[in-house]
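Remember, it's a predicted structure, so these values are computed and weren't measured experimentally. Atoms within each ligand, like the ligands themselves, are counted from 1 in listed order.
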Amino acid sequence: MRVMLLGSPGVGKGTQAKFLCEQYHIPQISTGNILRAAIQSGSELGVMAKSYSDRGELVPDEVVCSIVKERLAETDCRTGFLLDGFPRTIPQAEALLTIGVILDYVVVLEAPIDEIVVRLTGRRFHLTSGRTYHVLFDQPKVPGLDDVTGEPLVQRDDDKEDVVRNRLQVYERQTAPLIDFYRQQAAKGKVNIAFVSGIGDIDEVKANILKILSK
Ligand code: ADP
Ligand code: ADP
């Protein structure tokens, strides 16, 4: 099972990725989580990534492509993987093809922009694990604390409304063209593409994705 989740920031990719990875016993490869870990560690990569993510801009293609290439070479990816937040530009998608990575499914999650803004601005994050919650739609058992570790949840700086607006523009400009890119790949029989509504309960969305992947 080699699957990629594609969709706007806040549509629910990370939330669904967690379920799918448990279901199929595959690793979640989230470039956002990898970059945030680097930022936390204060490494050279982290300092550089922060200068982009703080503004809601994308980190340069060469940087993320080499991170993903290394990650996909690890043994746990042999039987499959889930890409969450990568590729995010046409050059990134082309880089995947160049290194010979074949995807079975591209699942496009969709939701209207007003819903996206409410989701992103209400999102709360457990930084070390990447687990996400929402102040209204997906509350932790104890307000403000991670269910597993009991550690405090934070609001990501880039989930504040002004940065969110820029991220959504960046999505439209740089990432949304991937939908056509993968439609064309699908037309050539190279991948399956499926469109799933991201609206509705988290469990409902999950069931709809599982229905498609189990075909
Ligand atoms: P992405 O990884 O696509 O940026 P997330 O999975 O982090 O998105 O979801 C963004 C926010 O929306 C999180 O706070 C999450 O709890 C919430 N969320 C995810 N799916 C749904 C849903 N189906 N309905 C309501 N809120 C959702
Ligand atoms: P979301 O799913 O909410 O959009 P992510 O956690 O995937 O957010 O990404 C956060 C930030 O990390 C992005 O705004 C960007 O700066 C950087 N980033 C993550 N993935 C990529 C990628 N594939 N290419 C370039 N930058 C990325």
Side-chain angles (χ1 to χ4, degrees), residues 4-21 28-39 45-46 48-69 71 82-93 95-96 107-112 114-127 129-140 146-147 153-160 163-176 178 196-209:
M4 174 213 172
L5 297 184
L6 178 57
S8 139
V11 75
K13 299 182 299 298
T15 303
Q16 298 300 330
K18 201 175 64 181
F19 300 130
L20 298 174
C21 288
Q28 173 188 1
I29 301 178
S30 156
T31 41
N33 286 346
I34 294 170
L35 293 170
R36 271 185 295 282
I39 292 173
L45 166 68
M48 189 272 282
K50 189 170 179 344
S51 70
Y52 292 93
S53 67
D54 275 355
R55 291 179 283 126
E57 298 292 330
L58 296 182
V59 172
D61 289 333
E62 315 79 77
V63 177
V64 271
C65 287
S66 82
I67 291 174
V68 171
K69 189 175 169 188
R71 182 64 189 87
L82 181 147
L83 295 177
D84 164 16
F86 180 93
R88 233 171 166 112
T89 64
I90 301 276
Q92 291 179 18
L96 262 191
V107 176
V108 185
L109 277 175
E110 301 174 299
D114 292 350
E115 173 74 14
I116 293 289
V117 173
V118 174
R119 285 190 188 180
L120 285 174
T121 50
R123 174 159 68 180
R124 295 295 179 268
F125 225 75
H126 179 240
L127 267 181
S129 69
R131 273 185 289 277
T132 51
Y133 301 85
H134 192 279
V135 290
L136 301 174
F137 310 136
D138 191 9
Q139 298 173 346
D146 176 48
D147 287 350
L153 302 177
V154 295
Q155 181 178 32
R156 277 167 47 182
D157 285 337
D158 60 343
D159 278 348
K160 307 213 164 121
V163 185
V164 161
R165 298 273 168 201
N166 188 40
R167 285 165 66 201
L168 295 177
Q169 283 177 8
V170 167
Y171 172 77
E172 284 306 324
R173 206 170 51 236
Q174 294 185 265
T175 308
L178 284 178
V196 177
S197 169
I199 288 294
D201 279 0
I202 290 175
D203 282 343
E204 212 176 309
V205 177
K206 173 183 166 186
N208 288 334
I209 299 177

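For ligand 1, the atoms closer than 4.0 angstrom to any heavy atom of G198 are 23 (N). Short contacts between ligand 1 and G200, defined as distances under 4.0 Å to a heavy atom of the residue, involve ligand atoms 22 (C), 23 (N), 24 (N). Residue F137 has at least one heavy-atom neighbour below 4.0 Å for each of these atoms of ligand 1: 25 (C), 26 (N). Taking every heavy atom of T15 and a limit of under 4.0 angstrom, the matching atoms of ligand 1 come to 5 (P), 6 (O), 9 (O), 15 (C), 19 (C). In the vicinity of H134, heavy-atom distances shorter than 4.0 Å reach the ligand 1 atoms 14 (O), 16 (O). Atoms of ligand 1 found under 4.0 Å from any heavy atom of D138 (numbered from 1 in listed order, with element): 16 (O).
In this structure, a donor-acceptor pair under 3.5 Å is present between the side chains of N166 and E57.
In this structure, the side chain of Q92 engages the main chain of R88 through a donor-acceptor pair within 3.5 Å. With K18 contributing its side chain and R131 its backbone, the two residues share no donor-acceptor pair below 3.5 Å.
The pair D159-R124 does not meet the salt-bridge criterion, since no charged nitrogen lies less than 4.0 angstrom from a carboxylate oxygen.
Every residue two or more places apart in sequence or in another chain was checked for a ring pair (Phe, Tyr, Trp, His ring centres under 6.0 Å) with Y52, and none qualifies. Residues that satisfy the ring pair (Phe, Tyr, Trp, His ring centres under 6.0 Å) test with H126, not counting sequence neighbours, are absent from this structure. Residues passing the side chain to side chain contact (heavy atoms under 4.5 Å, CB included) test with D157 are K160, sequence neighbours excluded.
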Given I116 and V164, is the side-chain contact (heavy atoms from CB on, under 4.5 Å) satisfied, shown in steps? CA-CA 9 Å; I116 293 289; V164 161; 5.8 Å; no
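To the nearest 0.5 Å, atom CZ of residue R156 and atom CG of residue D54 are 11.0 Å apart.
Protein residues having a heavy atom under 4.0 Å from any atom of ligand 2 are P9, K13, T31, G32, L35, R36, S53, E57, L58, V59, V64, G85, F86, R88, Q92, R123, R156, D158, R167, listed by chain and number.
Considering backbone and side-chain N/O atoms, Y133 comes within less than 3.5 Å of an N/O atom of ligand 1.
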